[in-house]
Structure formats: structure tokens, C-alpha cells
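Worksheet: one structure, shown below.
Every chain is numbered from 1, with letters handed out A, B, ... down the list of sequences. Since the model is a prediction, treat every value here as computed from it, not as a measurement.
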Amino acid sequence: MDLLLDATLYSSTLRAVTPILLAALGGALCARVGLFNVGLEGLILIGAFSAIVGNHLTGNIWLALLFAMTCVMMFSLLFAYMTIHLKANVIVVGVALNFLALGLTTFSLRAIFDVKGSYVDRNMVGLPRWEIPLIHDIPWIGRVVSGHSPLVYFGLLMVVLLYVYMFRTVSGFRLRAAGENPIASRSLGIRVTQYQYGAMIACGALCGLAGAQLSLGQLTLFTEGMTNGRGFIALVATMLGQSNPLGVGASSLLFGFMGSLSTRLQGMALPTQFTSMLPFVVTLLAMFFFRNKSQLADARRSNESSR
Amino acid sequence: MLLQMKGITKAYGGVIANKHVDFSLKKGEVHALVGENGAGKTTLMRILYGMETPTDGSITLNGKPLQFSSPADAIANGIGMVHQHFMLYPSFTIAENIVIGREPRRFGFINQFRAISEVAELSRQYGMPVDPRRVIGDCSLGVQQRVEILKVLHQGAEIIILDEPTGVLTPLEVKELLESVRRLARSGKSFIIITHKLQEVMDVADRITVLRDGEVTGAVDASGTNVDELSRLMVGRDLVNLQRKEQTPGQPILELEGITLAGSGSKPVLDHINLSVHAGEIVGIAGISGNGQSELLQVISGLAKPDAGALRLQGKDIKDASVRQIREQGLAHIPEDRYQWGVAKEATVADNGLMGHTDRYTKYGLIKGGKVREMVRGWVERFSIKTGSLDTKAQHLSGGNLQKLIVARELEHRSPFLIAAEPTRGVDVGAMEVIHGELLKRRDDGGAVLLVSSELTEVLKLSDRILVMYEGRIVGETRAEEASEERISLWMAGGKRQ
């Protein structure tokens, strides 16, 4: 019980959830325009690496973030070009992108920093911790909510902003329309490919930030393959949240919490291998309970007589 | 003249879809464009709507020559089109589906409140009731059709093109639609209706242009013509008038007793259905679609298991038999939705023909390809199925030709019992004639046929006995000789059994 009331558990949840959340929101944008982005993992990895490189080159944390975003946007542009323009299969390109990211970052790590495995620079400055005035002084809540990197707050803000964008603005409405029925949208003069490119690039920017949080948020270091499946968890969060920013936010929080809990349980005599399974077991269970409703609807419709 | 299309020619490579077609439209007129599948009706309208560029010819609107390069151009000039396959967003509300492209906005935000009131106003103004807040995916096809028309009106269309508007509608919905069209025409809108249903044309149109093989074969006033003349212009010859021979039915082939199927709701989908089909008899089931016909067919063919009742085919209990066992017991099935149940779209014509015949055409586990092709080639000739080759994918065949392929395949079983569900839905007059002829021939040869159709004329034309389904029950039965359209319509609408 003490474990569940401990403020640090929730504080670490917020930290752990940020990369997943940012990437999952990007994934939701892509899913809404009809491009199922399985390359999130690779995009985050490139973001994590380029954030370190940016920091190393400029010495400025904000320029490093900008550099990471730009680099990942370039890669998502490549993804967009191949899937939209060359009409390559989305899944294949996504998987290829993941491998490309793994190989490229590993290679660049040796080429640029001349190290193997991981790169740490003790002098490098990570993302700042923001202490929020007033809230900071509230007991328990202050310890959970205050003192995180700006990206943690940005991620939570993006949930709301994206929700408003998708469901309240004309542009968001047309973006959803472009994904739901591209042929009808084209016949109305909606520029479907423009929305698709836009969503992909925005997804790149979000994944760049997700990666930066990973490499500059807690510790300032880069390790080969340091995303460690987060991109795929983000993908699941996208699906579980039905590409609705609020749903994506909730499911990301669930996965982040499970991640932190499993780390915490490792301190309690449970085997590591067992506790690290926890997020994935929850994922499977979640998929079991939250079936894709549209599939059910399709199945129901197929049994109707009219049509 | 509001609109004039002169000498329109459209060639795709070597294939000519339209050949020097002239077409004109007056303000406030309903102009029907009729012709068989592949006659070039849709191509002509796609040219008008800016989806295709003509090879030759000119279009003038209000006296000004025009050339549209995209549908957006056409919309801007007051031309709207309702496509055969609806262009809707299933998860959006009706209001959203209508206002899309010209959303009421404020600082980039959608004004949902105004969208809803605009749609409500539009629906009242044109007398087409819809609930703007409902999600369109949950609405009936009739409502979806109405929303498509409202969308076009919202775009400010003066000329509205309807491509096969009644293909998926129930008779009542068709009636409502045609009334709306007439009312809108009186208020000054002009309509072009693409169709091959001649009775509807006679009901609604002022003028009629007939196309055959890309050429105009007639442009007539509706008042000065009749269905027979139109079908002659369409097909290029007189249609054979089918006659049913007098024949006494033999022993019962299919028997249903008290078949009941519980649905998801409180009412059963099938409620104590009793029926029998005898050898040498066509039993027609009439009814507005969605009153349990589909479920009835699924129970008979083994796709769904009834909760109560007895089901016998050729005297053998098939209630718990598998689909395959039932087929082996003597059932062939022309399914109601050819794309969903009838064919594999990605498979070739030959492969689709083989389906269901695999046992006869395999040896040592290998398919006898040559024999299969021989069989399918035979059908292609006998039913004059228009296909590039036997290796053409099924999805590239027109609806009518695909349906002929399915009919040929199911007849090939020479089974004692045949289900024909909506056998001519979306099929042109020529193909309809062939299919009807084949069904009657099967009956004359002593086969038992269960016909399910939402087209009352079809049921009346083919059946020896007619049953009417309403809300999962059989509410009326009559012999064909004594059948009257009025009485059956009454039963279809839920009137009491007499």
C-alpha cells in the first residue's frame, strides 16, 4: 500500500510516460490520415540520438531540441514520400525505417563520438527541471506534478491542443475526413496528400521531442537501441486510444504507470524478468477488453440485408 | 437551354466510351439518361462533373462554353453529383457530412451550432427530413441517399446528377426519393438521373436520352414513349416475353417448420417461419429488405443456426448440418450480395467459377485446370459474359456480368434446390432477361427455387407462389394467379393477413 501512495511512483510515471505519449500522439495524427505508422520506434531513436548530437554541437539545450525535431522531421518526410508518393506499403516502410534508425544511430555513434554501446558526457547539460510556483509547495501533489522537464508539461498540453485541433477546428475536421474517405475528400477539393504530409511531419516533430526526453530528460546519455520498445508501446497506446488524443493520453498514462510500477517492484524481491513483463501483459489484457469497435460495427453491418 | 453537351467523344486507348453524344438539359427538368451497363452513361456524366476530360466535343452552361478540370470546378458552377457508391464519412454526423468543404467557421474553428441549424433549415426548406446530430454510419441507406442530395444542395447546386440512385433503396425509399426529386424540380432545380430501371424513369422523368454502346439511340419525351420502346432502344432488339408454363409441383424439397431465430433485440429476427418449396416450383419471398429475409437464407444455407424449429432438405434433417453438408445434400445458392458472399474480388474469373466445384475438379489433390477452364469458358459463351479473359480479376467485371458468372456457377451444380437472392440487383435489362430465363428453365426442369427479392415486379413475374415477410414473420401468402400488387404492397408495409 505504501508503494502505491508513494509520490515518487507517480512522479516517475509522468517522466516515463512522456516519450510514449508524445510519440503516440504523433501516431494518432498519422492514423487519422490513414497512414498507420509502425516506424515510431525508429523515429524516437533518431530523435534521442540527434538531441545528443545537437547538444554536443551547439551546447544549447533548446537548439538541441530544435535539431532533434528537424532531423526526425526529415526522416518522417522520407516515410511520407515513400508511402504517399511512391505508394509503398506503410507497414513495410515503417519496419524498414525502424531498422534503418537502429543501424544509422549505432553507426553514427561510432563515427561521431567514437564510442561503442553508449555515449555519456558529464559536462553536457540536460533538460531543465521546472519547479512550478505555488503547486510546488503543496504536499504530495507538488512532489508529483512539479520538478519535471518542460517536455513533460508540453506532452500533457499537446493532448488538449490536439484534441481541440482535431474535433473543433475546420482544419482538423478535414484532416479526419481525408483519412476516413480520401476519395470523397478529393472530390470535394480537400487536398488529401497535403494533410497526409502535414500529419507525418507533425508526427516527426513529436517523435523528435519524445526522443529528446529520453536522452536528455533524466540522464544525459545515448545508448544503442535505447528506445527499447517504447515506440511499439506508443503504437499500442494509439490504437487503444482509438486515435483520439484524450484516449491516447489515458492509455499512455496507463502504460507509463505500469512501466514505473514494474521498475519499483524490482526492488521488492520479484524477479526482474517477471516485473518487466508487466507493461506488456497489461497491453495484451487491454487489447482483450477494448476491442476495435469499428471492426465490430463492420461485422454487424455485413450481416444486414440492405446493401 | 440550361446545359448543352455537343458531340462529346471519349476514348480510353482504343475503347470508345462516348461517340458524338449530344445531351441537353432545361431548367426545372428531370432528364433520365438510360442504357445498359457499359453504355457510357456514367462516363458522360463524369465528363460533365469534371472527373474526365473529353477527347472531343463542347459543353455550354447558360450559353457560356465551359471546360471543367476537377469536380471542385463543377461544384463552383452549380453542378453536383450523387455517386452510385456514396461519398460519405461513416463516423461523422449528418450535419458534418453535409457541410464538409464549406463549413461555417469562426477563427478557424467549426461552428457546430450553425452547421446543425443550417442543415436543419436546408432539410426543412426542401422537405427532406434528417436529424443533423445522428451519426451517418448508423442511418439507413435511404437516409444516406437523402444526405447526399442535401450535401449537393448545400454546395449550391442547380444541376444535380444522380447516378443509379435507387439501386440500394427499398421500394418505399425509392418512392420517397422520386417524390423529392419531383418537388425539387418544381422549385427550379434540374436533375439528370442515370439509371436502367425503366419503370422509375417513366414515373419521374420529363425527357429521356437512351445510350447504347456509347451512342445516343434516342432522345424522347417521357409522355410520348413507353417501357417497351425504351428497352428496345436500350438493348437494340425486342425483349423476349417470358412465359411460365402451367405445371403441377412435385414433392416437397425444402421444408421449414416453426423456424425461429432470436436476434440481438427483444423481437426474434425470425418468428415461427413455416414454408415449403416443391419440385418444379418457384416460391417468391417479397418484402422490404431487412425484414428477416437475409437471416432466413442464412438459416437455410447453414450459415446461421436456428434457435427452434425443424429444417428438412429432400426429407433429411439439416438443422445441425454444416454448410458443406447442406450443399452436398442438394443446395445451390445465388447470394444476395455478390461482392461479399458471391465472389472473391481479387481472384480470376476461372478461379471464381471453380469455387464450390473443387471436389469434382481435383485429382490427387491437384486442380484439373484445363477442365475447369473448359467449364467456365462454356458459361462465358452461353451467358455471353463480357470478360477480358478467364484470367481477368472478378472485380473488373461489371455487376451484371459478375452476376451472370455466379448464376452460371450455381446452376452448374444441377442441385434439386436453388436459392436465388436478389438475382438481378444492379443488373441491366439484357442480363436480367438471361437470368430470369434460366431460373424459369430450372423450374420447368423440375427444380425447386426459392426466390428472395425486394423488387416486387420480379417476384410477381417469376413465382408460382408468393410469400410476404414482415418483421421476421410470414404475413401473407398467395398463388401467383391470384396475386395483386396492391395486396402484396399492403402486406409488405405490415398490413394484416387476410
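- Residue with the most contacts toward chain A among B:Ala74, B:Ser91, B:Gly50: B:Ser91 (heavy-atom pairs, distance under 4.5 Å).
- Interface residue A:Arg176: backbone and side-chain heavy atoms are both found under 4.5 Å from chain B.
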(request) Kindly determine whether A:Gln213 and A:Thr18 satisfy side chain to side chain donor-acceptor pair (under 3.5 Å), including the steps that lead there. (result) CA-CA 7 Å; A:Gln213 167 70 11; A:Thr18 301; 4.5 Å; no
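- Inter-residue side-chain proximity for B:Ile110 and A:Arg168 is flagged as unmet; no heavy-atom pair is nearer than 4.5 Å.
- Tested against B:Tyr49, the residues B:Ile159, B:Thr42, B:Ile75, B:Asp163 include a single side chain to side chain contact (heavy atoms under 4.5 Å, CB included) partner, B:Ile75.
- In summary, of the residues considered (A:Ile201, A:Val90, A:Leu43), a side chain to side chain contact (heavy atoms under 4.5 Å, CB included) with A:Phe79 occurs for A:Val90 alone.
- Residue contact with chain A, scored on non-hydrogen atoms closer than 4.5 Å, is absent for B:Glu422.
- Contacts between B:Arg106 and chain A at a heavy-atom distance below 4.5 Å are absent for every atom of the residue.
- Remark: the B:Gln403 side chain and the B:Thr424 side chain contain no N/O donor-acceptor pair separated by less than 3.5 Å.
- Under the 3.5 Å distance criterion, the side-chain polar atoms of B:Asp271 are left unmatched by any main-chain donor or acceptor of B:Glu471.
- Residue B:Leu297 does not touch chain A at all, counting heavy-atom pairs closer than 4.5 Å.
- Per-residue heavy-atom pair counts under 4.5 Å with chain A were compared for B:Ala421, B:Gly101, B:Ser140, B:Ala72, and the maximum is reached by B:Gly101.
- Both the backbone and the side chain of A:Ile183 come within contact range of chain B, with heavy atoms under 4.5 Å apart.
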